[in-house]
Amino acid sequence: MKVYMRMKKTFIVALFFLTNVFMQLSAQENIDLSGQWGFALDSTDVGVTEGWYARTFDESIALPGTTDDARKGVPNRLTPQLEKPQVLHLTRNFSYVGVAWYTREITIPPTMTGKPLTLSLERVMWESRLWVDGKERTEPQETGSSTTQELTNSKAQELKNSLTTPHRYLLPEGLSAGTHTLTLRIDNRKLYDISVNDLAHAYTNDTQIMWNGVLGKMELTAQPTINIRHIAVYPLVAEKKIQVKADIEYRGKKSAKVTLQTQAIHPQADGEKLLTKTVLNVGSQTVEYEYPMGADVKLWDEFNPELYTLSLTCKKGKETVTRETTFGMREVKGEQGFLSVNGNRVFLRGTLECCIFPLTGTPPMTTEGWEKVFSTAKEWGLNHLRFHSWCPPEAAFQVADRMGFYVQVELPNWSLTVGKDEGTSRFLYDEFERIVREYGNHPSFCLMSVGNELQPDFNFLNSMVKHMKQTDNRRLYTTTTFTFEKGHGGHPEPEDEFFITQWTDDGWVRGQGIFDQESPCFNKDYSAATRKISVPLISHEIGQYAVYPNLKEIDKYTGVLNPLNFKAVKQDLQQKGLYDKADQFLQASGKLAVRLYKEEIERAMKTPNFSGFQLLDLHDFPGQGTALVGLLDAFWDSKGLTDAAYFRQFCAPVVPLARFAKATYAGNESFTASIEIANYSAQDIANSRVVWTLTNSQGQRLAEGTLPGNTLYKGRITQLGQIAADLKAVKQADRLTLDVRIEGTQWKNNWSVWVYPVLESIETGDVLLTQDIDEALKALQQGRKVLLSPRTAQLKGLEGKFLPVFWSPVHFPKQAGTMGLLCNPQHAALRHFPTDMHSDWQWWHLVKRSKVLITDSIPAIQPIVEAVDNFANNRRLASIFEAQCGKGKLIFSAMDLLSAGSEQPEIRQMRYSLLQYMNSSDFAPTAQIGEADIRSLIDEKQTDEKTDATSIYN
């Protein structure tokens, strides 16, 4: 009896298991293709000729994944040396560009037998081909190709060559039940001329790598008799409805009557179910109709990213098929020169995303991988990402939709030969149509460009944008994201719906062209340069202020890329005995960059007819010779240069702004500023109370006030009036802080101004002030104290520049090439010259009247103020140093403190501070240098003109 019961129990368990398996099989319409695949490299491209599609392979690889992940290819044997250009960017540990083969077996269950199948590979670089059981499958892609007849042919429909959308293969006859072999041939060699020097971020080794493999979802799906292949949703915001276009394929034997049920689903309230009866013909067709969204329809924007799910069900008798897509009620326009979303003016606060993912060298294919990117950008006050010369995958759009980001997508195109090659032109048209079909429903997808900095054929570009607008009107389009092409870069093209540029025909619209040429002023904007622009203007790649490498970042690179660029800098510093200063170099250069980014952004926000800016960059760009221009590193982590809360003071929907004339003031002047508020939030701020204070470095209030209560209307810059403060109360040199805040809100901002008391005379004591090298050396031999400040033309060295090197000192090696000042604010020589450890605006006139001394041959000198060299050179640089020479004591200032024009308040104050130090017991330099050392810093050809400057001040 016990045996019988045990057998019965076993039989029941087995029956349950088999029933469960049968139910799973009966429901299975999809096969996940991820897992281990057989693998072989085909570097000589003989696989097709030799029939590799019918082979098995000894090696294996995990897909989704890349050859870099699997450590396949040519191993990296480079060493970190600065003089080797190959190591001056992140370097692949294993590199492979060529053909690779992948194969695996699958089992088709009875439920999928004989049904049409679609094999989908979410992302491939660049061309894929598929064999099933040794037979190549070349059916046309679902997405089709360009409607422009002169750019289409049958070959374009066979190739699977998209860099930005899934590769899909149709197997219309299906497969029999049982085992079958899938074989993929993937070729990541360059197919089309889309890029100068392979810089376009869709295909490059500078940010994204030229990987081989498959990313994202890999699946084989059975298609039902009625297949809703695609749904496009076109919001009609003003009419509170949507237009639906559904591509439906019917594989019945004859036409059939069906019912379409449409419903817009929202987490708070579902829309009505709309039933539409129609007739499906055999084959493919597009069904178009409108769906009402209701009186209380919820709109999508950055402040309220409301999302709907459109559910479309097709019913034929007992057969029911449903497909869903996400969309948002969003309408973007560029009317009257302004960018608007749903009728509300918006200001884009953006940065670039150049496919920078240093651990994998590939873009994330899941929402989790994109959440850090968008959430960090949002934390730092941004509402916009520009995907430079590439298009991200589906997951990125999903996160952007949810977080309320405005996205600009670009075709994989950074070419100087646009329109010259028919095959490339055909590819770009096809890629555009694939992108808007695949991602076009996403409300975050607001802007699109044909590519970055394109040249030369603007007839082609205008024709293409015209085609883009006619194909899909759900976003705005432009011919190029800026161009250097003569005669085109300063104004929009006829077909442009928005305009991205660095300058117009009337002047610069970014600080890089201004900040080193004009003395600091904070009352300017770009109105004069933008007055003739009739479409929304967005400033192009503002910033690009290089920051010294954070060498602690080296340990983060645990993936497929080796930071040989960082290692080379570290090694160079160690060999030169400068490694202990690496963090100071980072902090000094980075904090200068923060100051510059603040003024860049505020000047843009002060311009009434601006529609936004695109930073290059909030985070680092590890390619193109290493362009570390970010306040965050390539992992979107902080470098410790500032924090998001401070950055949001000037980069946010609402920003208090101050216009004032200069950075430095004499104590007998008054400080005046006009205050305004840029309000690009979702609502007016009624009855505002704006409070301002001017405080000294001790926190004492020197002046304060309240500006009249006004309504701060959304979409506008509101001028509130002037403030003024008498500076006579400032008795010693100080940095003052102007704070402006909107009471009862989070919105506030602040600025520094420097005030120096009027010095009727500067006592030199027993210090000799001179510009003359011979006079200085004679005095030093006599045991005197000497402040030697030669004319700039008399000095050897680098040009004094306030701005750090542009972009990358490796990519653009002919720059003068420093990265700001570095000093110790506690040094007694600077006791009367308020400063941080880095450059700020009060240094501008001093730096511009200087040479930077190269002191590698005099390592003993003790800089009071030094310059941070660019990381490609890492020289010892000094602006002001002290030393003993002979019997005397010397301060050598390469900042000209004595020539005409030296009565600028901060120059007088620096001279005063140095003299106070030299006349005190603190002045006791320990470094000993010789006469030859000093003469090595002088350009002897320029010493004929001698000026005894002491008479000017005695």
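Residues: numbered from 1 along the sequence shown. This one's a predicted model, so the numbers in the text were calculated from it and none came from an experiment.
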Does [X] have any side chain to side chain contact (heavy atoms under 4.5 Å, CB included) partners at least two apart in sequence or in another chain, and if so, which?
X      : answer
Arg659 : Asn523, Asp525, Lys606, Ser674, Glu676
Ala593 : Tyr545, Val547, Tyr597, Leu631
Asn344 : Lys714
Glu497 : Lys469, Leu476, Tyr477

Q. Among all residues two or more places apart in sequence or in another chain, which pass the side-chain hydrogen bond (donor to acceptor under 3.5 Å, both in side chains) test with Thr745?
A. none
Do [X] and [Y] have side chains that approach each other closer than 4.5 Å (heavy atoms only, starting at C-beta)?
X      : Y      : result
Thr672 : Phe660 : no
Val654 : Ile685 : yes
Trp380 : Leu618 : yes
Leu382 : Cys651 : yes
Val690 : Thr706 : no
Arg595 : His838 : yes
Val655 : Arg648 : no
Val196 : Trp414 : yes

Whether the [X] and [Y] side chains hold a donor-acceptor pair (N or O, under 3.5 Å, no angle test) is what I'd like checked.
X      : Y      : value
Trp843 : Thr835 : yes
Thr530 : Asn609 : yes
Thr664 : Glu906 : yes
Thr481 : Ser449 : yes
Thr711 : Asp684 : no
Glu602 : Asn749 : yes
Gln455 : Glu453 : no
Asn342 : Lys333 : no
Ser389 : Asn452 : no
His488 : Thr483 : no
Ser444 : Asp401 : yes
Ser670 : Asp726 : no

Quick test of your reading of the model: are [X] and [Y] salt-bridged, counting only N-O distances below 4.0 Å?
X      : Y      : answer
Glu518 : Lys524 : yes
Glu599 : Arg603 : yes
Glu335 : Arg345 : no

If you round to the nearest 0.5 Å, how far is [atom2] of [Y] from [atom1] of [X]?
X      : Y      : atom1 : atom2 : answer
Ser539 : Leu348 : OG    : CG    : 10.0 Å
Ser638 : Asp643 : OG    : CG    : 8.0 Å
Met605 : Asn679 : CE    : CG    : 9.5 Å
Ile742 : Arg689 : CD1   : CZ    : 13.0 Å
Gln408 : Gln614 : CD    : CD    : 5.0 Å
Ser415 : Asn413 : OG    : CG    : 5.5 Å

Report the residues that fulfil salt bridge (Lys or Arg N to Asp or Glu O under 4.0 Å) with [X], sequence neighbours left out, ordered by chain and then residue number.
X      : value
Glu353 : none
Lys532 : Asp506
Arg330 : none
Lys728 : none

Other residues, nucleotides, ligands: >12 heavy atoms within 6.0 Å of [X] [atom1]:
X      : atom1 : answer
Tyr713 : OH    : no
Gln722 : CD    : yes
Lys662 : NZ    : yes

Pair up each side-chain donor or acceptor in residues 510-517 with any protein partner under 3.5 Å, not counting sequence neighbours, and list the distances.
{"unit_1": "Arg510", "atom_1": "NH1", "unit_2": "Gln502", "atom_2": "OE1", "d": "3.3"}
{"unit_1": "Arg510", "atom_1": "NH1", "unit_2": "His540", "atom_2": "O", "d": "3.3"}
{"unit_1": "Arg510", "atom_1": "NH1", "unit_2": "Glu541", "atom_2": "O", "d": "3.4"}
{"unit_1": "Gln512", "atom_1": "NE2", "unit_2": "Gly543", "atom_2": "O", "d": "2.9"}
{"unit_1": "Asp516", "atom_1": "OD1", "unit_2": "Phe802", "atom_2": "N", "d": "2.8"}
{"unit_1": "Asp516", "atom_1": "OD1", "unit_2": "Leu803", "atom_2": "N", "d": "3.0"}
{"unit_1": "Asp516", "atom_1": "OD2", "unit_2": "Lys848", "atom_2": "NZ", "d": "2.9"}

Q.
Classify the ring geometry of Phe482 against Trp503: parallel below 30°, tilted from 30° to 60°, perpendicular beyond 60°.
A. perpendicular
Q: Please state whether the rings of Tyr526 and Phe610 are parallel, tilted or perpendicular, taking 30° and 60° as the class boundaries.
A: parallel
**Q.** salt bridge (Lys or Arg N to Asp or Glu O under 4.0 Å) between Glu410 and Arg386, intermediate numbers included
**A.** CA-CA 8 Å; Glu410 293 175 4; Arg386 171 195 163 204; 2.6 Å; yes
Q: Can you tell me which residue pairs pass the salt bridge (Lys or Arg N to Asp or Glu O under 4.0 Å) test with a partner in residues 476-485, sequence neighbours excluded?
A: none
(Q) Could you report the tightest heavy-atom contact between Leu720 and Pro708, atom names first, then the distance? (A) O-CD, 4.0 Å
Q | Passing candidate, side-chain contact (heavy atoms from CB on, under 4.5 Å) with Pro656, options Ile677, Ile675, Asp739 | A | Ile677
Q.
Go through it in stages, so that I can follow the logic: the residues are Lys748 and Glu743, the test is salt bridge (Lys or Arg N to Asp or Glu O under 4.0 Å), and I'd like the CA-CA distance, side-chain angles, deciding distance and then a yes or no.
A. CA-CA 9 Å; Lys748 61 181 180 179; Glu743 210 167 55; over 6 Å; no
Q: Please check if the side chain of Asp496 supplies one atom and the backbone of Pro492 the other of a donor-acceptor pair under 3.5 Å.
A: no
**Q.** Given Phe671, Phe650, Trp841, the one that forms ring-ring contact (aromatic ring centres under 6.0 Å, His included) with Phe522
**A.** Trp841
Q) Residues two or more places apart in sequence or in another chain: which of them pass ring pair (Phe, Tyr, Trp, His ring centres under 6.0 Å) with Tyr756? A) none
